[in-house]
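It should be emphasised that the depicted structure is a prediction, and the values quoted were computed from it without experimental measurement. Counting starts at 1 for both ligands and their atoms, following the listed order.
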Amino acid sequence: LDAFKATLDRLTGAYALAVLIEGESELILGARRGSPLVVGWGEGEMYLGSDALAVGPFTQHISYLEEGDYVAMTRTDARIFNAAGVPAERAIVKVAASSALVEKGEYRHFMEKEIHEQPDSVQHTLSEYLDLVSAKAKPAVVDFAAIDRIQIIACGTAFYAGQIGRYAFEKYADLPCDVEIASEFRYRDPALSKGTLAVAVSQSGETADTLAGLSWCKAQGLKTAAVVNVHTSSMAREAEILWPTHAGPEIGVASTKAFTAQVAALLSLAIAAGVARGKIDAAKEAELVKALFEAPRLISEALRMDAPIRNLVQDLAKARDVLFLGRGPMYPLAMEGALKLKEISYIHAEGYAAGELKHGPIALIDEYTPTIALAPMDDLFEKTSSNLQEVAARGGPVIMIAPENAPDPHGAGIRRVHAPDAHPIATPLVYAVPMQLVSYYTAVQKGTDVDQPRNLAKSVTVE
Ligand code: M6R
């Protein structure tokens, strides 16, 4: 143990270690710095794992090691020490992680299963924040009227969820909201007023950059909140306010149901903020709450589009580059679509605000570069539609995701995927589904490793 501690003192960087020693069959040593590590307490057996989910099939009794902790484990016991080498008490908590939840069941991939779980995961998440019976937002722990700005910090998919949230906070609550990639935020000395609420958004709650951004805000004396899916994670424990999402365990590396759960939480919180700040009256609140609770049904409807999408991707799978376009909240969703496609199919894709097309990306358009447009029937439809005509006029193949009753843009080569018509507040939740299915079936068509794409990890606990 002394040698282990002496070794740890000489290590730099982030790690979570499990050490076996030849000839010592009754001992496992573990240590963490920068990466999470948990001790699982079984009956006559002990476990070390990266998180509660990893040891979930064996035990639900977990001790979370804190930063710099190390542990000496036998078959029946664990002695935990802090970074200074002093014995430390770490509570044994019972977590709700059922191994049944992490089976693929009838599905070919976890990602496919998780896409299909979204009616439930969105419903559960909405119910955390909204009450359908009274058609009201539940009180949101924080006094939104006393806040003058929201700063969302996140990475990857969670960043795009945050951007969708921003549209809602500004539109429905008149609350200024900035969203920044955590790896930039944490190193740029941002100027934040004391009235800023810092909100970390994360599925895992362990992403190193997001956690560092959150801790930085806390150290500045700002109020902090975390929208997280793993409710026992480092961010959940670090933030003053925990705003949970209820997506359940997400196994596929490419985030799907955790994303829509984050969006559902942020949209709901925006309604609560609107009410608290006197920006929406009871009638508007009821309209928005009911509209969000329609989303699970509309998502189920969107899931039924998988057959036409499977046909469409035959061509898409041959593309080298794909452009995703959207306006308003469909713009971050377009970026999320591009991320999803590149993650699992390895096709290069970019998400753009449709209005930016003429400012550069249109130069990419040719007959080999498909454009996928997210075009709900809102007040921006006509503008997106005319962007698609421009693409079609240059010979670019177009896939337009829009309601069935949306008028056809004039132009050859425009193919359609029908998405259910939804209230504007619910549109990002509904349109996420066809976009995810496009990526999923393209990857299946290409035969890539959908659940564990090359070079990617589910939880990025190092910089
Ligand atoms: O666990 P987090 O939500 O903090 O993870 C953030 C990103 O690493 C994550 O969303 C990543 O972009 C996914 N692979 C997206 O599918």
Parallel under 30°, tilted from 30 to 60°, perpendicular over 60°: which one fits the rings of [X] and [Y]?
X	Y	result
His109	Tyr440	perpendicular
Tyr47	Phe58	parallel
Phe144	Phe169	tilted

Please list, chain by chain and in numerical order, all residues satisfying side-chain hydrogen bond (donor to acceptor under 3.5 Å, both in side chains) with Glu240, sequence neighbours excluded. Lys223
Arg188, CZ atom: more than 12 neighbouring heavy atoms under 6.0 Å: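 Yes.
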Using a 3.5 Å cut-off on N/O to N/O, what pairs does ligand 1 make with the protein? A line per pair would be great.
residue  : atom   : partner : partner atom : Å
ligand 1 : 1 (O)  : Ser202  : OG           : 3.4
ligand 1 : 1 (O)  : Ser204  : N            : 2.9
ligand 1 : 1 (O)  : Ser204  : OG           : 2.6
ligand 1 : 1 (O)  : Thr207  : OG1          : 3.4
ligand 1 : 3 (O)  : Gln203  : N            : 2.6
ligand 1 : 4 (O)  : Ser202  : OG           : 2.6
ligand 1 : 4 (O)  : Thr207  : OG1          : 2.4
ligand 1 : 5 (O)  : Thr207  : OG1          : 3.4
ligand 1 : 10 (O) : Thr157  : N            : 3.1
ligand 1 : 12 (O) : Thr157  : N            : 3.4
ligand 1 : 14 (N) : Val253  : O            : 3.2
ligand 1 : 14 (N) : Glu343  : OE2          : 2.5
ligand 1 : 16 (O) : Thr157  : OG1          : 3.4
ligand 1 : 16 (O) : Ser255  : N            : 2.8
ligand 1 : 16 (O) : Lys340  : NZ           : 2.8
ligand 1 : 16 (O) : Glu343  : OE1          : 2.7
ligand 1 : 16 (O) : Glu343  : OE2          : 3.1

Quick one: do Arg277 and Asp174 make a salt bridge, cutoff under 4.0 Å?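 Between Asp174 and Arg277 there is no salt bridge, as every charged N stays at least 4.0 Å from the carboxylate O atoms.
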